[in-house]
Amino acid sequence: MDLAVTSTEYVHVDVEATIGGTAITVASPPKLAFLPTSSTENPAAEDWITGEWSGSRARILVGPNGGTVTLDPGAYRLWISFAAGLETPVRRAGIVTIY
């Protein structure tokens, strides 16, 4: 996803949570992290930002006009984590470029 530095909009991540092939409803809010693409590390505890669910998609408002997070120009690897039963998956969810 590419966003202008002056834009405020939701970044969405499609999430499929299943147990034994059956879809489950994830109750706790998703956590998202934006790390520079140059980083080879997993997100640290302080990198995670709480997002929200919109149907089966996690989302977070990014931008300078009321966004949950404002990002400087650059390329970021987007990460997502959420609690699903006994599991807490941590996944890379794509690249967000701020121009």
Side-chain angles (χ1 to χ4, degrees):
M1 177 174 212
D2 294 339
L3 299 174
V5 72
T6 54
S7 180
T8 300
E9 56 189 285
Y10 283 102
V11 171
H12 294 267
V13 177
D14 291 325
V15 174
E16 183 178 337
T18 61
I19 294 178
T22 301
I24 62 169
T25 301
V26 181
S28 63
K31 303 283 186 181
L32 298 108
F34 296 87
L35 297 182
T37 54
S38 60
S39 173
T40 59
E41 302 295 321
N42 286 333
E46 63 271 12
D47 295 325
W48 293 106
I49 306 163
T50 301
E52 63 186 20
W53 293 109
S54 177
S56 64
R57 300 172 95 190
R59 70 180 188 176
I60 191 164
L61 190 60
V62 175
N65 298 316
T68 304
V69 63
T70 300
L71 301 170
D72 293 327
Y76 298 86
R77 184 164 285 115
L78 174 60
W79 293 78
I80 184 167
S81 181
F82 55 92
L86 298 176
E87 299 179 329
T88 306
V90 174
R91 303 258 168 83
R92 290 180 294 201
I95 303 292
V96 175
T97 302
I98 306 297
Y99 59 92

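For this chain, numbers begin at 1 and follow the sequence in order. These numbers come from a predicted model, not from an experiment.
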Distance in Å, Asn42 CG paired with Arg92 CZ, rounded so as to fall on 0.5 Å steps: 8.0 Å

Straight-line distance of Thr97 OG1 to Asp2 CG, nearest 0.5 Å: 5.0 Å

Taking every non-hydrogen atom, the tightest pair across Thr8 and Gly67: CG2-N, 4.2 Å

Hydrophobic cluster membership, Trp48 vs Val13, 4.5 Å side-chain cutoff: no

Audit row: Met1, Val11, side-chain contact (heavy atoms from CB on, under 4.5 Å) steps and yes/no: CA-CA 8 Å; Met1 177 174 212; Val11 171; 3.8 Å; yes

Hydrophobic cluster membership, Ile95 vs Phe34, 4.5 Å side-chain cutoff: no

Pairwise side-chain contact, Ser81 with Thr88, heavy-atom cut-off 4.5 Å (strictly under): yes

Ile98 to Tyr76 - nearest heavy-atom pair and separation: CG1-CE1, 3.9 Å

Side chain to side chain donor-acceptor pair (under 3.5 Å), paired with Arg59, selected from Glu9, Glu52, His12: Glu52

Backbone N/O of Gly63 and side chain of Thr70: donor-acceptor pair under 3.5 Å: yes

Cluster link Ile60 to Trp79, ILVMFWY, side chain under 4.5 Å: no

Side-chain heavy-atom pair Val62, Tyr10 within 4.5 angstrom cut-off: no

Linked, directly or transitively: Val69 and Leu78 (ILVMFWY side chains, under 4.5 Å): yes

Shared hydrophobic cluster, Leu3 / Ile80 (ILVMFWY, side-chain heavy atoms < 4.5 Å): yes

Nearest heavy atoms of Ser28 and Ala83, plus distance in Å: OG-CB, 3.4 Å

Within-4.5 Å side-chain heavy-atom neighbours: Asp72 and Val5: no

Euclidean distance, Arg77 CZ relative to Leu35 CG, rounded to 0.5 Å: 8.5 Å

4.5 Å side-chain heavy-atom contact, Thr50 and Lys31: yes

Residues Ser39, Glu41; criterion side chain to side chain donor-acceptor pair (under 3.5 Å); working and verdict: CA-CA 6 Å; Ser39 173; Glu41 302 295 321; over 6 Å; no

